[in-house]
Amino acid sequence: MPTGIVTSLVGAVFLVVIATRGRDTGAAAVDRQRIRSRAAFLTTLAAAAAVLAGVTVAAVLLGDSKLLLGDVANWLRADASRTLTFVLDTRVPRVLSALLAGAALALAGTLVQAVTRNPLAEPGVLGVSGGAALGAVLLVTTVPVAGSWSVAGAAFAGAALTAAVVFGLAARGGFRQNRLVLVGMGAATGTSALVALLIVLTDPYNAVKALTWLSGSTYGRTFPDLLPLAVVIVVGVIVAVVRHTELDLVSLDEDTPRLLGLSLARGRLGFLALSVLLSATAVAAAGTIGFVGLVAPHAARALVGRRHARVVPVSILLGAVLVCTADLLGRTVIAPAQLGAGLMTAVVGTPYFLYLLVRSRR
């Protein structure tokens, strides 16, 4: 067993023990985001929607085969050639998968950042993405003939199991933000180490399949694969919009929600469970795609302020744009070879994360 895997597993256990035994002061970071005007919000929303529409059209038309809008119209009327039908039957589900996965991860990141009151948090901090990756890689390395639905189911099961462990360990004290983040980081570290161990121990063919899935590829997606993700996003948007006031209160501090008669622990658990459902479904559909849950909500708050009735729709649009653009670049930059969407989002997300760290220190 490689030394790095051993130290990661030991460090993960140590971090979880420290988080569960330590005292959480619950100190909240000061939110300095200004409240923007309604005109600024509507302008930003319209601009984001226009960019999303342009990126979607470009993603459908561009690739290893360049198409025209007339080709897409013929395909929609079922009047296209066999070659054109094959191209669009394989490309359109990929585009929609990227859009839906980006929207789901952005909404999940918005919920996580509100609950933890940490602008640097994302679904991966809770260990959900790592648990999904562990479930998928475990199935790929043990059952090489498993289909896409089986891999998606294993990823969802791994995410759900990891979330249950994290929430169980962080439940003492009402899901305090520091304890929750530390336990989640420990779970993420441990699952990453186990994923690396499985890849090291398996044969090269299975390792390549696992690494392809871990890179966040939308390759091979079909229209039926999109249905669970679309349903979860609709449910998540409805809950976030209906309970946006509670989301605003939870993101403020520890005392204000209690003074207004809200159950802080119950509210946190509900929003976290919804974020886990969104993240797990997105990872199951498109693989592990990082930084979207960090970048999209943070950019949305910078553009429209801290009110979640405005942050939620803008964040969803930005997340969809980010992942769809990443998938488009991954399919075209080195065509006919491809880069995973997760690799492309990391190219954008890593510098942005470092910028946020420097800014927070200032």
Side-chain angles (χ1 to χ4, degrees), residues 48-65 67 72 87-110 122-124 129 132-133 136 148 151-152 155-156 212-234 236-237 278-297 299-300 313-349:
V51 172
L52 178 61
V55 170
T56 303
V57 172
V60 172
L61 298 182
L62 300 179
D64 52 356
S65 299
L67 303 178
V72 180
V87 171
L88 287 175
D89 282 347
T90 55
R91 183 179 297 177
V92 172
R94 293 192 59 173
V95 174
L96 295 178
S97 177
L99 292 173
L100 293 176
L105 291 173
L107 180 56
T110 301
E122 64 158 343
S129 299
S148 60
V151 175
F156 190 89
T212 301
W213 189 90
L214 290 172
S215 67
S217 175
T218 59
Y219 178 79
R221 296 298 179 265
T222 60
F223 286 109
D225 296 334
L226 307 178
L227 182 59
L229 188 54
V231 172
V232 170
I233 290 176
V234 171
V237 170
L278 288 163
S279 304
T281 309
V283 172
T288 52
I289 300 176
F291 291 108
V292 179
L294 166 69
V295 174
V314 175
S315 176
I316 289 174
L317 292 175
L318 293 179
V321 168
L322 180 58
V323 178
C324 188
T325 303
D327 183 66
L328 172 61
L329 294 176
R331 289 189 288 110
T332 58
V333 170
I334 58 172
Q338 299 185 20
L339 295 172
L343 301 179
M344 301 303 298
T345 56
V347 172
V348 177

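Heavy-atom basis, side chains included; hydrogens, waters and symmetry copies ignored.
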Thr222 vs Asp225, side chain to side chain contact (heavy atoms under 4.5 Å, CB included): CA-CA, chis, key distance, verdict: CA-CA 5 Å; Thr222 60; Asp225 296 334; 3.0 Å; yes
For the student: nearest non-hydrogen atoms of Ala132 and Val283, plus distance: CB-CG1, 3.4 Å
Under the criterion side chain to side chain contact (heavy atoms under 4.5 Å, CB included), which of Leu328, Val321, Leu322 is the partner of Thr325? Val321
List the steps and the verdict of side chain to side chain contact (heavy atoms under 4.5 Å, CB included) for Leu67 and Val87. CA-CA 9 Å; Leu67 303 178; Val87 171; 4.1 Å; yes
Is the backbone N or O of Leu62 less than 3.5 Å from a side-chain atom of Arg91, with the two atoms forming a donor-acceptor pair by type? yes
Locate the shortest heavy-atom distance separating Gly236 from Leu107; write the atom from each residue and the value. C-CD2, 3.6 Å
If I compare all heavy atoms of Ala59 with all of Cys324, which pair ends up nearest, and what's the gap? CB-SG, 3.8 Å
CA sep, side-chain torsions, deciding dist, call: Leu100, Leu226, side chain to side chain contact (heavy atoms under 4.5 Å, CB included): CA-CA 8 Å; Leu100 293 176; Leu226 307 178; 4.1 Å; yes
Could you report the tightest heavy-atom contact between Ala106 and Val292, atom names first, then the distance? N-CG1, 4.2 Å
Are the side chains of Leu61 and Val72 in contact, using a 4.5 Å heavy-atom criterion? yes
Which atom names give the shortest non-hydrogen contact between Ser315 and Thr110, and what distance separates them? OG-OG1, 3.1 Å
Does the pair Phe223 and Leu96 meet the rule for a side chain to side chain contact (heavy atoms under 4.5 Å, CB included), with working shown? CA-CA 9 Å; Phe223 286 109; Leu96 295 178; 3.9 Å; yes
What heavy-atom pair brings Arg221 and Pro93 nearest, and what distance separates the two atoms? O-CB, 3.3 Å
Determine the sole option in Val57, Leu318, Ile316, Leu99 for which the side chain to side chain contact (heavy atoms under 4.5 Å, CB included) test with Leu52 is passed. Leu99
